[in-house]
Protein chains: 2
Amino acid sequence: MRTVYERADVVQMIAEIFRELGYEGASLSRITERTGLGKGSLYHFFPGGKEEMASAILASVAAWFENFVYEPLRHDDSEQAIAAMWKSVDDYFCSGKRICLVGAFALDDTRDRFASAIRSYFTQWIDALRDALVRSGRDRDCAMLDAEEAVLGIQGALVLARALNDKSVFSRALDRLAYRLANATPNGLTR
Amino acid sequence: MRTVYERADVVQMIAEIFRELGYEGASLSRITERTGLGKGSLYHFFPGGKEEMASAILASVAAWFENFVYEPLRHDDSEQAIAAMWKSVDDYFCSGKRICLVGAFALDDTRDRFASAIRSYFTQWIDALRDALVRSGRDRDCAMLDAEEAVLGIQGALVLARALNDKSVFSRALDRLAYRLANATPNGLTR
DNA sequence: GTCTATACAGTGATAGAC
DNA sequence: GTCTATCACTGTATAGAC
């Protein structure tokens, strides 16, 4: 009896390991240990080694956000799409228990290795949210700033929730960000 | 001709290396390379190795914030202390070029190694800022939430600024956070 | 206090049997 | 597709000369 995986399954498993340990901390031995897959299997799926693993994870994260966050924000009813975004974000980050892999990669020199994937994760998010805000009648420049602030607030909430080991920090922050974004004037919440 | 350092100097040098590379990424060889100090010197200053280096850095960070941020917030004129905080933060993080070591440590399993130092960095900051807000006439519960939001916003701004490689994200965020904190009603900026 | 030499476990990666 | 064996290299850490 032995288990045989699809590449997509492996990507999901190793994503969680990279999230918890970071790029440098996620060593092959810990990956084999937690996935049950030998190095042979790992290199079968990812001939490029760790770098290809991380690229695959980033691509899968990008695909998830594209489907469940960016795309609705760009085309669906703006109020509904924004409300759905807060729900998706809360689910995705397990109400503050999970951190953002892309944000974590951005902080050390891992950023330089995956610069374009990291940049596009955030720019796409901000731009999609800005579009939704503009469709809801918000001034374009203010919408951009408010979108930036919302995305940045999520990242900060993840950092602080994990630092204090207190999920409630994340929930509170999400509630405030959502409320403020929904109740801003056409000129934004900037002041 | 040879250079002889004080431990405090070494702490400052390696702090920058840990900030840029993270705990796992900051290998002894890169530390020797960038400080010019051999492993012998390093272990002379830090017999406990990497873990003691990181502890010393965290202690030095804590001391800096205690002197230049927390202490003024607790006892000085609240408006002045808060204004000074934004200036200190902007200087300390080099207007978004530098990241927060404590926030970075919080994201991966490095957090578990330095849990109490990481927690106290953030709780002290939030509590000191809350005290200043209370002294300026703010309701206590709202002051706590607003302080939490400000600190979290700084962390998020650092993440996003580095992810986009754009310092202006940090400056903009700091301006908005400062403005909103200063112009909130006694019941806070929560809504 | 600094250096060099060294130990040895752990790293990412490859080859080849099954 | 999975495993084991093995590679060269880098990791942290120690000992001892100067």
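In what follows, chains carry the letters A, B, and so on, assigned in the order in which the sequence lines appear, proteins first and then strands, with residues in each chain numbered from 1. All of these numbers come straight from a predicted model, not from anything done at the bench.
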Using atom [atom1] of [X] as one end and atom [atom2] of [N] as the other, report the distance to the nearest whole Å.
{"X": "R30(B)", "N": "dT11(C)", "atom1": "CZ", "atom2": "C1'", "answer": "14 Å"}
{"X": "L42(B)", "N": "dC3(C)", "atom1": "CG", "atom2": "P", "answer": "10 Å"}
{"X": "I17(A)", "N": "dG12(C)", "atom1": "CD1", "atom2": "P", "answer": "12 Å"}
{"X": "Y23(A)", "N": "dT11(C)", "atom1": "OH", "atom2": "C1'", "answer": "12 Å"}
{"X": "R7(B)", "N": "dG1(C)", "atom1": "CZ", "atom2": "C1'", "answer": "14 Å"}
{"X": "K39(A)", "N": "dA13(C)", "atom1": "NZ", "atom2": "C1'", "answer": "8 Å"}
{"X": "Y43(B)", "N": "dT6(C)", "atom1": "OH", "atom2": "P", "answer": "18 Å"}
{"X": "E24(B)", "N": "dG12(C)", "atom1": "CD", "atom2": "C1'", "answer": "15 Å"}

Lys/Arg-Asp/Glu bridge criterion (N-O < 4.0 Å) met for R19(A), E16(A):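 Yes, charged N to carboxylate O under 4.0 Å.
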Do the charged groups of E79(A) and R135(A) touch, with an N to O distance under 4.0 Å? no
Quick one: is [X] getting a side-chain N or O under 4.0 Å of the [N] phosphate, OP1 or OP2?
{"X": "S27(A)", "N": "dG10(C)", "answer": "no"}
{"X": "H44(A)", "N": "dT2(D)", "answer": "no"}
{"X": "K50(A)", "N": "dG12(C)", "answer": "yes"}
{"X": "S29(A)", "N": "dG12(C)", "answer": "no"}

For [X], which contact category applies under a 4.0 Å heavy-atom criterion: base, sugar-phosphate, or nothing?
{"X": "G36(A)", "value": "sugar-phosphate"}
{"X": "Y5(A)", "value": "sugar-phosphate"}
{"X": "G40(A)", "value": "base"}

Let me spell it out: for each of L28(A) and V10(B), pick the nucleotide of DNA chain C with the closest heavy atom. Which residue's pick is nearer the 5' end?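 So the residue in question is V10(B).
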Output field: ring centroids F45(B)/Y5(B) closer than 6.0 Å: no
Quick one: closest heavy-atom pair of A26(A) and L21(A), and the distance? N-CB, 3.8 Å
Restricting to non-hydrogen atoms, name the atom on Q155(A) and the atom on V159(B) that form the minimum distance, rounded to 0.1 Å.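 Looking at all heavy atoms of both residues, the shortest contact is OE1-CG1, 3.7 Å.
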